[in-house]
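Down below is the structure, laid out as structure tokens.
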Amino acid sequence: MALGQQPTTDQPSSSDQTPIINDFCITFSTINGSGSATANTTVLRALFRMGIPVSGKNIFPSNIQGLPTWYTIRVSKDGYLGRVEQDDIVVAMNPATFTREIQNLKPGGVLLHPDDFRSEITRDDIITYPMPVKKLIKESDTPTNLRDYVANMVYVGVLAQMIGIDLDKIYMALDFHFKGKKKAIDSNYNIITAAADWAKTNLTKTDVYRLEPMNATEGMIMADGNTAGALGSIYGGVQFAGWYPITPASSLAEALNEYLPQLRCDPETGKATYVVVQAEDELAAIGMAVGAGFSGLRSMTSTSGPGLSLMAEYLGLAYYAEVPVVVWDVQRVGPSTGLPTRTAQGDILFGHFISHGDTNLPILFPGSVEECFEFGWRAFDLAERLQTPVLVMSDLDLGMNQWMTKRFEYPDTHLDRGKILWEEDLQKMLDERAGDYGRYLDVDGDGIPYRTLPGNRHPKSAYFARGTGHDEYGRYSEEPGVWERVFTRIDKKYKTARKYVPRPIVNNMEGASIGIIAAGSADPAVEEARDLLAAEGIPTDYLRIRAVPFTDEIKEFIDRHECNFVIELNRDGQIKKLLTLYHPEQAPRLRYAAKMDGLPLTAHWIQSQIKCNEEK
Amino acid sequence: MALGQQPTTDQPSSSDQTPIINDFCITFSTINGSGSATANTTVLRALFRMGIPVSGKNIFPSNIQGLPTWYTIRVSKDGYLGRVEQDDIVVAMNPATFTREIQNLKPGGVLLHPDDFRSEITRDDIITYPMPVKKLIKESDTPTNLRDYVANMVYVGVLAQMIGIDLDKIYMALDFHFKGKKKAIDSNYNIITAAADWAKTNLTKTDVYRLEPMNATEGMIMADGNTAGALGSIYGGVQFAGWYPITPASSLAEALNEYLPQLRCDPETGKATYVVVQAEDELAAIGMAVGAGFSGLRSMTSTSGPGLSLMAEYLGLAYYAEVPVVVWDVQRVGPSTGLPTRTAQGDILFGHFISHGDTNLPILFPGSVEECFEFGWRAFDLAERLQTPVLVMSDLDLGMNQWMTKRFEYPDTHLDRGKILWEEDLQKMLDERAGDYGRYLDVDGDGIPYRTLPGNRHPKSAYFARGTGHDEYGRYSEEPGVWERVFTRIDKKYKTARKYVPRPIVNNMEGASIGIIAAGSADPAVEEARDLLAAEGIPTDYLRIRAVPFTDEIKEFIDRHECNFVIELNRDGQIKKLLTLYHPEQAPRLRYAAKMDGLPLTAHWIQSQIKCNEEK
Amino acid sequence: MTDQATTSKNVNLAGLSRNDYRGLPSTLCQGCGHNSIASQIVAACYELDLVPEDVIKFSGIGCSSKSPTYFLNRSFGFNGLHGRMPSLALGALFGDVTMHGIGVSGDGDTASIGLGQFKHLVRRNMPMVYIVENNGVYGLTKGQFSATAEKGLELKKQGINPFLPVDICLEALVSNATFVARSFAGDPKQVKELLKAAFHHNGIAILDIISPCVTFHNLEDSIHSYTFGKDHEAPLHEISFIPPRDEITIEDFEEGTVREVEMHDGSVVLLKKLENDYDPTDRSQAFRVLEEAQRNNWLITGLVYVNTQMPSMIETYDLPATALNRMTESQLRPTRESMDMVNSMMF
Amino acid sequence: MTDQATTSKNVNLAGLSRNDYRGLPSTLCQGCGHNSIASQIVAACYELDLVPEDVIKFSGIGCSSKSPTYFLNRSFGFNGLHGRMPSLALGALFGDVTMHGIGVSGDGDTASIGLGQFKHLVRRNMPMVYIVENNGVYGLTKGQFSATAEKGLELKKQGINPFLPVDICLEALVSNATFVARSFAGDPKQVKELLKAAFHHNGIAILDIISPCVTFHNLEDSIHSYTFGKDHEAPLHEISFIPPRDEITIEDFEEGTVREVEMHDGSVVLLKKLENDYDPTDRSQAFRVLEEAQRNNWLITGLVYVNTQMPSMIETYDLPATALNRMTESQLRPTRESMDMVNSMMF
Ligand SMILES: Cc1ncc(C[n+]2csc(CCOP(=O)(O)OP(=O)(O)O)c2C)c(N)n1
Ligand SMILES: Cc1ncc(C[n+]2csc(CCOP(=O)(O)OP(=O)(O)O)c2C)c(N)n1
Ligand code: SF4
Ligand code: SF4
Ligand SMILES: [Mg+2]
Ligand SMILES: [Mg+2]
């Protein structure tokens, strides 16, 4: 049927259907660069303030302006935050993708669109609400240069009216977004209310989707993983960050730039206790970070795949010279430039074995936004304790999307600076050990030596760090036995690391025979899939890996299940491969379901993978 | 006892002992930069010409002048070429390491040294032959500036006399070395003969070591793996080489520079059919090579660990854009700068999984010098057939040392250029497929698409290569389904690769229950160890891996043995790990013995590893 | 000249219409300087009668580096890695030395991550047209400072840039570039004529083109903005390119008002004098002008330096006239007989 | 001056003897230029009364880069990666900004693989002494051409170098270096005085020191050889350094025969005029002199350019006087109270 006028009859009326409350998903289809982000997050936040569990996912192109972009808000009374495959409600603002949006709607789904779209609507099992966007904007006294931008507020208003978003909650969201700037808040709010009024008088609701306030967001906040990671690093005492812009990691370093001045200026002097340098590339970013780590600063860099590839050589040096440094890899689809604006877990094997020669870097896998915060500070403790580079592997979905998450918790332990010797400490050690100090001596038998820092003025403190063969005192050596001894001792640290890395999270179900293993941002989809499977009479146990090296719980978990599914966002099943390597005896019990198409996994896909495998 | 005069009595006389013929090892201990290389290779070549199996290993420091260096020649009538742990004869020209050399001698061993060394000889179970080096040089009419250098010829002469090296064979060796330059040959030869004469009249042989001519070197040549690799590449039609100097890989590119002009100038025009560029670093070297591969040139680069680390990003691009390129990694001890002049097999896992995102590069492991030649040309066939980067993993021992090896064999197959379409081919395909050609279309179902090359003037030939998401026609795409489809098809090539890679070499023994698995330069030590074990009643089967991906023979071999030992020159057992990954079911049958101290493995070490493990 | 000659009937001497030089529709922002440069590339190639199949395109990563898909659809191309296009182009161009190479890069791509490869490519004088679309920011990653951002510049979310900018032309000149030009996306005529001259240069031709980022960095008072360019562009001369076949009718120009630079192929670059005479073949003068412009924040544009004598990298290799990538086994694999010779060389 | 003052009793004002500044015995070739530079570093630090524990050493990879172990044994140091020393030093120097940084690199390390990092370090004016021991070859890998090898140079096994050399000083100057000098390992006095001035410069000090490789590249007619240097070195002036505490007694010098450059800390660099007067604070003159020297293959040495006004990178960050690496948890971790504030910022 033709667009523009809203039909009254011959549309599926929902009056007879039972309403769907707080359990559906809304997609905003817009053109990037059109400023729809404000409108979309405003809706997201308003829902959150209504106490309803929500999550928002932005599917955007790798360009700046003019291409299609989708923002999906999932409303879930049960608190599921994973992606779903089909839309219940679509706000279609982009003519270019209009027909496609229509396809993607569920039967009985709702389509909101500007009333001047001219293309056919090919389905009659959906409900459409045309919106007089141009008209409403004209009526508003918006300055012309802002019109395109506030146009987006029209759909906020209409949507609010049709599904029942509290306008005052919307106001709160705007107030937050515009940092209290009255003028901006009102000009937007007025359009929203005007649109809502128009909808009230001109549209009759024939769909089944409704919102009702809850209080399921108590003690929760909305945040993205990159901001959380940056804040965690700040609470971890980050002092040096070298970085180079790259999607989807840039916002982590930019959050450092935003929050450090507020949180980390010396109370007395007002001086900065940190240094952030935008480097000329990633080779320099990691080089700077390694230099700073060597000097005893809590040092980090943040990047994504291509940058990680460029850091390989320096990470090998840091590994062998035993320099603590934290590297955040906010993963995107690779290899190469790949899909810069899509999510993946594809850098795991490369990252763990990075650089030539034998290496094995510890890895942390934050599985939620609050864990990004927690691992932000823990990573420094781990790196300094072990005197090795530590990788924190996040991804675009976790890092750039807004998530409902627990409030960030203040670190429950003190900074662990590891084994550092200042003048007095060194003197003490010299006294105790008859003058025998060596930078690379394994004094405690845990493989971790003691380090002095540049600036230590004790005449015995200096050593010459290097990537070439050296003995326990840092002296250059090509002696076969020396190399073997020192390098074996370094490997010992990897075993010691098991004592310090975060343990996996295990959730069991009554009578489960199947084990599921996953890491990072796969978590919400896995948890939801487990409920779906349980509902079908297939209970599952679930272990979420949070770190490499693997701790014993993992081996035990695998042994407890005939069959363990490793769920991951890559092509080759990299986590499964790592498990196979370190637990060859358990290998026969491991299966994997891996998918990498740039989108977050869905519960439905996981469910089907496990079922079809069961049916075999 | 004091040095200088040779004792007649109280030295272990060998008259009663049975002589040891053609089965001992000689180490020349000198100072690097003193020009001893000529003397040592002269001895090596003379022995080779006497028809006696020999191998020479150079243990040198990572500096240019003044530090200790050792050159060991193993004489083995049975043709064993591996390293041995103890010396039978030491020519000690370096006062700094004199005492150490004495320690390392077998009882009854022989020590040759300049008669002006002043330090004590602490053992009386060895035989010493002092040499009047200064005196003999003075007597020779050598210009002063050359004296240090020809001093080395003195020990050649004395040694020749004492163990029986044919002087005419020495002359041949000098003739070869000095490319027939009479003056140089004679000035050296005269010193040698003078020294030999002196020894004849002044020294009485009291040791047991003797040489006897054989004809076990028939059809053999002496060469190093880097030269062989370069020559193989030349016979493989290499057209572009981008490189950056690095030990131990430099001599491969330098051999290209040496031999290409002689072998690869166009007969008609006399113009070069190749381009070699010394790049500014390895990022540029691989970039150039990838560009040339894209343009359809047989393209390569050669490097070692640190360079490989810098190539990670570009190799990811080549993998995903499907550009054929050959990368020689002449391995040295890593991580980082490590031990630049020592050998290892430590880059395997890193190389296979190199770059972020899922990758899996095919690897070739030459196990001998002639195989360096063979894989030199095969690597191009593989890379162009599969349209992917191919790693050839050699190492310092294989690449830089002189080995007795089979004569290089002319390639037994034509160049395999893979699926390349020039104007007519493209037109033909368009006609056959109703105009449907796409750079990344899997026309044949083997995962390998057809490629056109820049310069193809057919208006339909052009495509835009990229590391970003693209569809079967090379068009930019962020579509989830497209990425998944194309990337899965690329993985298919890895399976197809099994049809093209060299198969492993399997040597079985009667009644063997133990399997040994190794790759590359570990081969000679393994073969010798098998004989030692067999002599002790422990027969073994042996599979030498020559390529990744693994072909079925490997799985079958593992299944045939309760216990398979993987022998490797690294810390973490990287080959064993790769086997575990790709054959998880076989994992329980795999053990490994890995050692990396910078020196080649010895048969004795391998024997002891396997035995002690057996005794468990 | 070609212009008039061909536009009458809508094909050029290569028998192609403007359409044959087009690319895909741009996905860059409206008003982005990069778009206008892309259209000048189309125009220049059309007017030069280049056959698209004879051209090969390269780029790094960035908004600028996307643009090769917006021109010359019928040409091969390779969109490489961020900052590493120079090495890729160098290798690829040896495949068939009869082709023309054109590379498009950004200021971040060339002056930040890519500075080393850029300068080594220049130093080798690899023959190709190398365009830096210079906007002082990282467009594609949303507006961080690039190494050409001026000191003291303040941008949203980025704060103030504390470092002095990299001067692409000065960098090229120091690295002994043989063709160095600066232009402004807002001056299409000059861009086009410089492009034509660049395509006819036997060596590397560096074009540093100020190309405003309207989305993240178009501040009036910034040297990278349209307004600044419009108000302050100071051309060294008025440039026009004359292809080999047309000879110049001297009466077109009044005595002494023009300089002629003859390119290696006989084509001529005509430089009409403005205020003061400028000799682009004098390297020390080029240094002086660039250093002065840098000191005073002047946007001087035009052909800053050209050297038509230095051999190109390709000439330093003694290669056959035919394309290397068309050689056959008989040319690439030494004879069976040679094998014995080689073995005998080995001892 | 210090020399006389201290050498009498064999300790300097820091109470240390020359021995306290020594390193391990060199493992470089006898006669290598790098060795003589190392001993001048020892001499300069001794005469400047520097405390070794206040100095931190850096290097890349190469024969030159080995030399930091041959001086200042009591100083921390980091022998990094080939060509990537600049980033390492930049990060490390922020650990304790009261320390003096000295980096030793080679021409391959800086001008080939390291060109990009080198120039970006210079651009940031990170305060440190940066020495390029320039011999035109890759010594440690046995004599391949580096990017500073002159065009046409022929070396054993390497053939003829077809490319024009990178000029370290010109590169530094273009990147807005604030202290640029060229010297010659065969002129120890000048090397030493330049080093002293460099240590007292508040910003990056680039020393391009011709340092012959006697093993692989010491051809008489090459600008990188001893003979060439001995015969052709053309100093811009005779330089001597006067530390802050000694005031200059003017009658030491005849009117108008010297120039004084006052460093930020009140120390003075005295430049005794030779043939023609040269003003090292004039950047355009520096360009001119370097370009001219390059054109004529002249080995000009001395302080080519100095700018004592530009703030150093460290000054662009508002850091406390105390070392960052000595800060404690209370300074590094925000208060427990702040946590709520942060959570509330999150919506
Ligand atoms: C190795 C690597 N690091 C970072 C990035 C992310 N990145 C993409 S484009 C870009 C900068 C582009 O700036 P510029 O070259 O000036 O081009 P513009 O977008 O301004 O035209 C960066 C940093 C990348 N793609 N690869
Ligand atoms: C990434 C990397 N590539 C190559 C090498 C090998 N390498 C060691 S030193 C060197 C060049 C040294 O030349 P230069 O910097 O001039 O120092 P010099 O030895 O001449 O003093 C090279 C290429 C390396 N160590 N690392
Ligand atoms: S962001 Fe800037 S550079 Fe990128 S397309 Fe838009 S205007 Fe052009
Ligand atoms: S090789 Fe050259 S640079 Fe290296 S130590 Fe010897 S002389 Fe010096
Ligand atoms: Mg830019
Ligand atoms: Mg050098």
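All chains are named by letter (A, B, ...) in the order of the sequence lines, taking the proteins before the strands, and each is independently numbered beginning at 1. Predicted model only: the values in this text are computed from it and were never measured.
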In terms of heavy-atom pairs under 4.5 Å, which option from B:I234, B:I420, B:T227 contacts chain C the most? B:I234
Between C:F347 and B:R45, the two heavy atoms sitting closest are CE2-CB, 3.3 Å
At a heavy-atom distance under 4.5 Å, which candidate from B:I286, B:L453, B:D224, B:D281 has the highest pair count against chain C? B:L453
Does any backbone or side-chain atom of B:V369 lie under 4.5 Å from a heavy atom of chain C? Answer side chain, backbone, both or neither. neither
Please name the pair of heavy atoms, one in C:P320 and one in B:A272, separated by the smallest distance, quoted to 0.1 Å. CD-O, 3.0 Å
Is the cationic atom of C:K66 (NZ for Lys, CZ for Arg) positioned less than 6.0 Å from the six-membered ring centroid of B:Y476 and within 45 degrees of its normal? yes
Chain B contact residues among residues 96-115 of chain C, heavy-atom distance under 4.5 Å: C:D96, C:T98, C:M99
Side chain proximity check, C:N343 to B:R407, heavy atoms < 4.5 angstrom: yes
Quick one: which of C:A92, C:S344, C:G95, C:P334 has the most heavy-atom pairs under 4.5 Å with chain B, could you say? C:P334
pair C:R84-B:Y314: side-chain heavy atoms closer than 4.5 Å: yes
More than 12 heavy atoms of other residues, nucleotides or ligands under 6.0 Å from CD of B:E424: is that the case? yes
Passes side-chain contact (heavy atoms from CB on, under 4.5 Å), C:L332 versus B:R264? Steps please. CA-CA 7 Å; C:L332 297 180; B:R264 285 283 303 282; 3.7 Å; yes
Sort out for me which of C:I56, C:T335, C:L93, C:V51 touches chain B most, counting heavy-atom pairs under 4.5 Å. C:T335
With a 4.5 angstrom heavy-atom cut-off, could you sort out which part of B:H177 is near chain C: side chain, backbone, both or neither? neither
Here the pair of heavy atoms bringing C:S87 nearest to B:A284 is CB-O, 3.4 Å
For C:Q30, is the CD atom crowded, meaning more than 12 foreign heavy atoms sit under 6.0 Å from it? no
Parallel under 30°, tilted from 30 to 60°, perpendicular over 60°: which one fits the rings of C:F76 and B:F294? perpendicular
Can a donor-acceptor pair be found, under 3.5 Å and without considering hydrogens, that links the side chain of C:E53 to the backbone of B:N456? no
Considering only heavy atoms, which portion of B:L317 lies under 4.5 Å from any heavy atom of chain C: side chain, backbone, both, or neither? side chain
Would you mind checking which part of B:S299 comes under 4.5 Å of any heavy atom in chain C, side chain (CB onward), backbone (N, CA, C, O), both or neither? neither
Does any heavy atom of chain C fall under 4.5 Å from the side chain of B:P411, the backbone, both, or neither of them? both
Look only at the side chain of C:N325 and the backbone of B:S295, and say whether a donor-acceptor pair between them is shorter than 3.5 Å. yes
If we only count heavy atoms from C-beta on, is the B:D266 to C:Q331 side-chain gap below 4.5 Å? yes
Of C:T69, C:L72, C:N73, the one forming a side-chain contact (heavy atoms from CB on, under 4.5 Å) with B:F464 is C:T69
As an exercise: rank B:L231, B:V290, B:V275, B:T269 by heavy-atom pairs under 4.5 Å with chain C and give me the winner. B:V275
Among B:M288, B:Q402, B:M220, single out the residue with the greatest number of heavy-atom pairs under 4.5 Å to chain C. B:M288
Under 4.5 Å from any heavy atom of chain B - which part of C:S75: backbone
Considering only heavy atoms from C-beta outward, does the side chain of B:K271 approach that of C:T322 to under 4.5 Å? no
With a 4.5 Å heavy-atom cut-off, do B:Y235 and C:V342 have their side chains touching? yes
Salt bridge present between B:E280 and C:R124 (N-O < 4.0 angstrom): yes
So, the part of C:D340 with a heavy atom under 4.5 Å from chain B: the answer is both
Counting heavy-atom pairs under 4.5 Å with chain C, the top scorer among B:G293, B:G467, B:P459 is B:P459
Side chain proximity check, C:M346 to B:T405, heavy atoms < 4.5 angstrom: no
Under 4.5 Å, counting heavy-atom pairs only, tell me which of C:L81, C:D318, C:L90 racks up the most with chain B. C:L81
Within the supplied structure, the quantity of interest is the number of heavy atoms (other residues, nucleotides, ligands) at a distance under 6.0 Å from B:E409 CD; does it exceed 12? no
Quick one: of B:S461, B:P454, B:A223, who has the most non-hydrogen atom pairs under 4.5 Å with chain C? B:P454
Under a 4.5 Å cut-off applied to non-hydrogen side-chain atoms, are B:W377 and C:R333 in contact? yes
Considering only heavy atoms and a distance below 4.5 Å, find which of C:M85, C:M327, C:R336 pairs most often with chain B. C:R336
Return the option, out of C:M313, C:R326, C:M341, C:M345, with the maximum number of heavy-atom pairs under 4.5 Å with chain B. C:R326
4.5 Å side-chain heavy-atom contact, B:V277 and C:Y317: yes
